[in-house]
Colleague: 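One structure follows; several queries about it will come next.
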Amino acid sequence: MKFLADRMLGKLSKKLRMLGFDTLYFNNVDEKYLLEIILLEERILLTRDRELHSIAIKKGYKSFLLKSNYWQSQLRAVFQRFKLRPEMVKPFSRCSRCNAELEAVSPETVKNEVPDYVFFTQEEFLRCRGCGRIYWKGTHVPKIMDTLRDFMGGLSHDG
């Protein structure tokens with residue numbers, strides 16, 4: 001399942017990427033271009049723009065109109081609408097910035113690209129295949145994982 005989030009859904013797109021869902025996001029392109037990408041790449045439009053949603057539906061494209069202003073509610077709505085399940089989630093498998101897949105790399109290959117402290121305290125590194133950004137399990141990862149677990153637990157109770 002591939003998504004394209006419009007300019008109003010930056011936080012949602014980042015969260016979907018963090019969960020491993022292929023989600024394109026552009027904050028400053030025209031609607032015609034977005035619609036072309038949806039058609040060419042067979043993506044589902046996620047939008048808060050009623051007019052854009054209407055245009056997409058009239059053209060026969062898949063589009064989901066989100067009503068909430070809050071990423072948590074938006075994410076819950078996407079999971080419910082598309083029947084996404086916890087086993088479909090692949091945390092930290094995509095770049096949160098550019099959406100490309102991440103690949104494991106040896107510490108030696110990133111030695112000169114990360115702070116010394118990080119190099120000497122971390123054993124696992126991931127590199128974005130698109131933009132080259134380096135990821136590691138910093139102190140923020142347990143907090144993110146707790147948030148994801150809470151979210152997933154809440155989904156199972158929504159029935």
Side-chain angles (χ1 to χ4, degrees), residues 1-105 109-110 112-114 124-138 140-141 143-152 154-155 158:
M1 191 165 301
K2 300 187 301 185
F3 300 106
L4 186 150
D6 77 2
R7 62 183 174 78
M8 296 184 215
L9 300 172
K11 286 183 182 177
L12 173 64
S13 66
K14 186 173 184 177
K15 302 307 184 220
L16 285 167
R17 290 172 179 174
M18 288 175 70
L19 292 170
F21 294 100
D22 183 343
T23 308
L24 291 182
Y25 169 74
F26 305 98
N27 70 357
N28 199 15
V29 298
D30 69 10
E31 294 174 357
K32 183 179 178 187
Y33 181 69
L34 292 180
L35 294 171
E36 287 175 14
I37 293 172
I38 292 165
L39 178 63
L40 291 172
E41 297 186 14
E42 298 180 1
R43 291 184 176 272
I44 299 166
L45 174 65
L46 303 176
T47 184
R48 292 205 64 245
D49 184 330
R50 290 182 187 278
E51 186 178 332
L52 179 58
H53 173 70
S54 178
I55 291 168
I57 293 297
K58 286 177 184 170
K59 289 182 175 275
Y61 303 163
K62 292 180 181 175
S63 180
F64 182 46
L65 181 65
L66 291 152
K67 295 178 173 95
S68 176
N69 288 324
Y70 303 101
W71 72 262
Q72 296 94 332
S73 300
Q74 293 167 350
L75 188 59
R76 183 174 309 282
V78 169
F79 265 72
Q80 291 171 342
R81 168 67 176 82
F82 298 103
K83 297 177 177 31
L84 302 179
R85 298 176 312 279
E87 60 269 17
M88 298 167 85
V89 172
K90 295 179 180 121
F92 310 112
S93 61
R94 289 195 169 272
C95 180
S96 61
R97 280 196 183 159
C98 79
N99 190 48
E101 292 182 337
L102 302 178
E103 63 183 344
V105 293
T109 63
V110 298
N112 297 324
E113 299 176 65
V114 298
E124 297 176 19
F125 294 91
L126 299 170
R127 181 189 306 273
C128 173
R129 292 181 180 180
C131 68
R133 185 172 186 199
I134 307 297
Y135 290 86
W136 61 89
K137 291 182 180 173
H140 62 289
V141 171
K143 183 178 177 185
I144 292 169
M145 291 307 295
D146 287 345
T147 301
L148 295 178
R149 272 195 226 59
D150 289 348
F151 176 78
M152 294 306 207
L155 284 177
D158 291 343

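Numbers here simply count residues along the sequence, with the first being 1.
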Colleague: So does Glu124 have more than 12 non-hydrogen atoms from other groups sitting under 6.0 Å from CD?
Modeller: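 Result for CD/Glu124: open.
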Colleague: Given side chains that start at C-beta, do those of Leu66 and Leu12 come closer than 4.5 Å, heavy atoms only?
Modeller: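 Leu66 reaches Leu12 side chain to side chain.
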Colleague: Without swapping roles, check the side chain of Arg127 against the backbone of Ile134 for a donor-acceptor pair under 3.5 Å.
Modeller: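 The answer is no, because no donor-acceptor pair under 3.5 Å joins these two groups.
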Colleague: Give me the one residue out of Phe79, Phe82, Phe64 that meets ring pair (Phe, Tyr, Trp, His ring centres under 6.0 Å) with Phe3.
Modeller: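 Checked Phe79, Phe82, Phe64 against Phe3; only one passes ring pair (Phe, Tyr, Trp, His ring centres under 6.0 Å): Phe82.
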Colleague: Can you confirm whether more than 12 heavy atoms, excluding those of Glu113, are under 6.0 Å from its CD atom?
Modeller: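 Enclosed.
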Colleague: Give the table of side-chain donor-acceptor pairs shorter than 3.5 Å for residues 89-98, with sequence neighbours excluded, one pair per line with atom names and distance.
Modeller:
| from | atom 1 | to | atom 2 | distance (Å) |
| --- | --- | --- | --- | --- |
| Ser93 | OG | Lys90 | O | 2.8 |
| Arg94 | NH1 | Asn99 | O | 2.5 |
| Ser96 | OG | Tyr135 | OH | 3.4 |

Colleague: For Leu102 and Cys128, which heavy atoms make the closest approach, and how far apart are they?
Modeller: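 Shortest heavy-atom separation between Leu102 and Cys128 comes out as CD2-CA, 3.5 Å.
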Colleague: Between Arg48 and Gln74, is the side chain to side chain contact (heavy atoms under 4.5 Å, CB included) condition met? List the steps.
Modeller: CA-CA 10 Å; Arg48 292 205 64 245; Gln74 293 167 350; 3.5 Å; yes
Colleague: List the steps and the verdict of salt bridge (charged side-chain N to carboxylate O under 4.0 Å, His left out) for Asp22 and Arg43.
Modeller: CA-CA 9 Å; Asp22 183 343; Arg43 291 184 176 272; 2.9 Å; yes
Colleague: Compare all side-chain heavy atoms of Leu4 with those of Tyr61 and state whether any distance is below 4.5 angstrom.
Modeller: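 No - every pair of side-chain heavy atoms lies 4.5 Å or more apart.
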Colleague: Using side-chain heavy atoms (C-beta onward) and a distance below 4.5 Å, is Leu75 in contact with Leu19?
Modeller: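 Yes - at least one pair of side-chain heavy atoms lies under 4.5 Å apart.
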Colleague: Hey, does Val105 have a side-chain heavy atom less than 4.5 Å from the side chain of Leu126?
Modeller: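 Not in contact.
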Colleague: So, do Leu65 and Ile57 sit near enough that their side-chain heavy atoms are less than 4.5 Å apart?
Modeller: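 Answer no - side chains too far apart.
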Colleague: I'd like to check Tyr25 versus Thr23 (side-chain heavy atoms, cut-off strictly below 4.5 Å). Are they in contact?
Modeller: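 A side-chain contact is absent here, since even the closest heavy-atom pair is not under 4.5 Å.
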Colleague: How about CZ on Arg133, more than 12 heavy atoms from neighbouring residues, nucleotides or ligands closer than 6.0 Å, or not?
Modeller: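 Counting neighbours around CZ of Arg133, more than 12 heavy atoms of other residues, nucleotides or ligands fall under 6.0 Å, so yes.
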Colleague: Within a 6.0 Å radius of atom NZ on Lys2, are there more than 12 heavy atoms belonging to other residues, nucleotides or ligands?
Modeller: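 Yes, because the 6.0 Å sphere around NZ of Lys2 holds more than 12 heavy atoms from other groups.
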Colleague: Kindly indicate whether the side chain of Trp136, heavy atoms from C-beta on, has any atom under 4.5 Å from the side chain of Val110.
Modeller: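 Result no, sub-4.5 Å side-chain heavy-atom pair not found.
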